[in-house]
Amino acid sequence: MTANRRRFIKGVGAAVTAGLAGCSSNGGGDGGSDGSSDGGSDGSSDGGSDGDTTGSATNEQIEFHFVASTPAESTQEALTGAVEAWGEQLDGYDVEPRMEFVGVTAASPTLNQYLGTGNPPHLVMGNAELAQFYQSVEDTSDFLDENFDLPSADYGGPVGDKSTVIPDHFVVQARYYRKDLFDEAGIEPADTWSGQVANAEALRETIPDSMEPELIQANPSNTTTYLQNHQWFHTLGVDYIERTGEAMDDVRVSLGDEEERANCSDILNHLNEMYQYSVETVNYGFTDMISTYLEDQVAVTNYPGRLIDNAVDQAPDKLDVTGVTKFPMPEGFDGKYLAGHNPQMLTVPQTEQSDLAFDFLEFYFGSDYYFDRLLGAGPNSTPVTQELLNDERLQSHETWDNPVGQEYTDLLNEFWDNDNYYIAQYGRTDPASVYWSTLVNGSNVIGPTMHANATTGRTSVDEAIDGAIEHLEEDLPGIASEYV
């Protein structure tokens with residue numbers, strides 16, 4: 001164990017060891033993945049990380065088992081290189097990396113299998129479903145407090161005050177708009193819903209007939225579309241299920257409560273009104289949401305930083321005419337603003353070497369391996385600290401060092417400086433249930449279906465909400481029994 005554990009937030013450069021300078025990881029944009037995998041793992045193994053060692057006279061031997069759900073080869077190389085470099089400088093241990101890369105949705109079932117054998121890995125990288133294992137993983141609260149300047153104190157775990165995950169990066173949504181078209185229409189980005197409607201009406205009078213004012217996503221089978229509009233739902237406090245006790249299955253459907261339903265109804269009515277100014281997006285995936293803007297089909301779209309990456313490669317002319325702004329809110333809003341979510345997170349299972357896993361994470365986040373991953377991923381992967389965001393090496397990269405990248409950086413710094421926003425696990429600061437993502441954003445796509453039906457007018461707002469409540473009440477017992 002290293003005697004002086006790193007605190008990378010206090011000095012990123014000091015935490016980067018000289019031996020890492022040759023690291024070359026040019027990718028790893030896992031946030032925004034379409035769910036494809038280049039060959040995962042079923043989690044089976046003939047041996048786990050049970051902590052047994054065969055000590056020598058000087059160093060203790062350890063096989064460091066790291067399960068990571070990432071199909072990106074560059075990310076796999078970066079993680080492997082980081083474990084190897086960390087092991088070489090670790091006092092008192094000889095580390096043999098055991099890297100197990102699985103598909104983007106396979107981390108949770110893989111961990112579940114290992115927990116069943118009593119041999120959990122030392123570290124797991126996966127999605128929000130890892131929160132279900134809160135009873136079998138370490139509390140990460142101290143690590144977060146000591147190492148991260150998180151954008152909000154509300155970021156935490158699924159039960160009580162225990163935090164169970166560590167963000168690898170953030171995906172922060174923004175509104176991208178055509179400055180030249182806004183100037184021609186004589187308008188500025190709107191702060192309120194009524195201003196958003198007024199702007200859409202003004203744009204319709206001045207933009208070419210081949211364009212629509214906005215892109216409002218409404219694909220009921222694609223959770224990505226729902227995530228682009230979850231700012232409104234969660235910033236305004238819409239809840240679907242509520243925890244009623246300490247047990248995993250102590251939850252109830254709360255969307256039918258008067259206040260929750262009213263808030264949800266307000267948002268869906270607004271989305272329905274705005275959809276009258278949108279291209280038809282029922283069959284849109286995440287690539288369509290970017291290309292529609294870059295190909296001059298809409299004047300405004302909502303998306304994370306991946307749009308900037310694509311503009312650099314595919315439509316550099318848009319970099320000089322695109323502005324970046326926040327989502328508008330109802331008149332009088334003064335709460336905390338949801339800026340984005342954490343698509344990929346790390347959790348530390350309870351083992352005899354848990355301290356080693358935390359030591360590795362301190363090394364990793366302060367190393368070139370992590371930093372080069374950020375460079376390769378571009379603005380779609382926002383760094384976990386403001387210091388890293390403003391690091392000259394990042395800001396000089398072509399995906400950040402352009403007019404849109406700089407406006408996006410300014411928006412992120414505004415969020416951090418004002419401390420009036422939060423980053424959450426798929427849109428929640430205090431999940432009522434560790435299986436919230438499965439119910440609302442997962443295979444049952446309850447949230448996207450409700451959102452799409454009401455937005456497009458396929459059903460009335462009340463019918464859309466009633467359908468979501470019905471599905472939640474039907475599915476909640478089965479989901480609970482699966483995870484309890």
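All heavy atoms count here, side chains included; hydrogens, waters and symmetry mates do not. No experiment lies behind these values; they were computed from the predicted model shown.
With no hydrogens or angles considered, a side-chain donor-acceptor pair links S194 and E331 at under 3.5 Å. Side chains of Y277 and E201: a donor on one and an acceptor on the other come within 3.5 Å. Checking D417 against Q386 by side-chain atom types alone, a donor-acceptor pair falls below 3.5 Å. Between the side chains of Y293 and T322, at least one donor N or O sits under 3.5 Å from an acceptor N or O. Neither side chain, S460 nor D462, offers a donor N or O lying under 3.5 Å from an acceptor on the other. W86 and D359 are linked by a side-chain donor-acceptor pair at a separation below 3.5 angstrom, with hydrogens and angles left out of the test. No side-chain donor from either of N283 and N219 sits under 3.5 Å from a side-chain acceptor of the other. In the model, H270 has a side-chain atom that pairs as donor or acceptor with a side-chain atom of Q196 under 3.5 Å.
Between H65 and Y114, the distance separating the two ring centers is shorter than 6.0 angstrom. Checked against a 6.0 Å centroid threshold, the rings of Y364 and Y369 do not count as neighbours. Proximity of the aromatic rings of F64 and F360 is defined here by a centroid distance below 6.0 angstrom, and this criterion is met.
Across all their heavy atoms, L361 and V348 have their closest contact at CD1-CG2, 4.1 Å. Counting all heavy atoms, side chain and backbone alike, G457 lies closest to N272 at N-ND2, 3.7 Å.
Partners of D191 under the salt bridge (Lys or Arg N to Asp or Glu O under 4.0 Å) rule, at least two apart in sequence or in another chain, do not exist in this structure.
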Given W193 and M274, is the side chain to side chain contact (heavy atoms under 4.5 Å, CB included) satisfied, shown in steps?
-> CA-CA 9 Å; W193 284 356; M274 285 306 305; over 6 Å; no
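Ion pairing between E214 and R204 fails under the 4.0 Å rule for side-chain N and carboxylate O. Salt bridge present: R252 and D257 bring a charged side-chain N and a carboxylate O closer than 4.0 Å.
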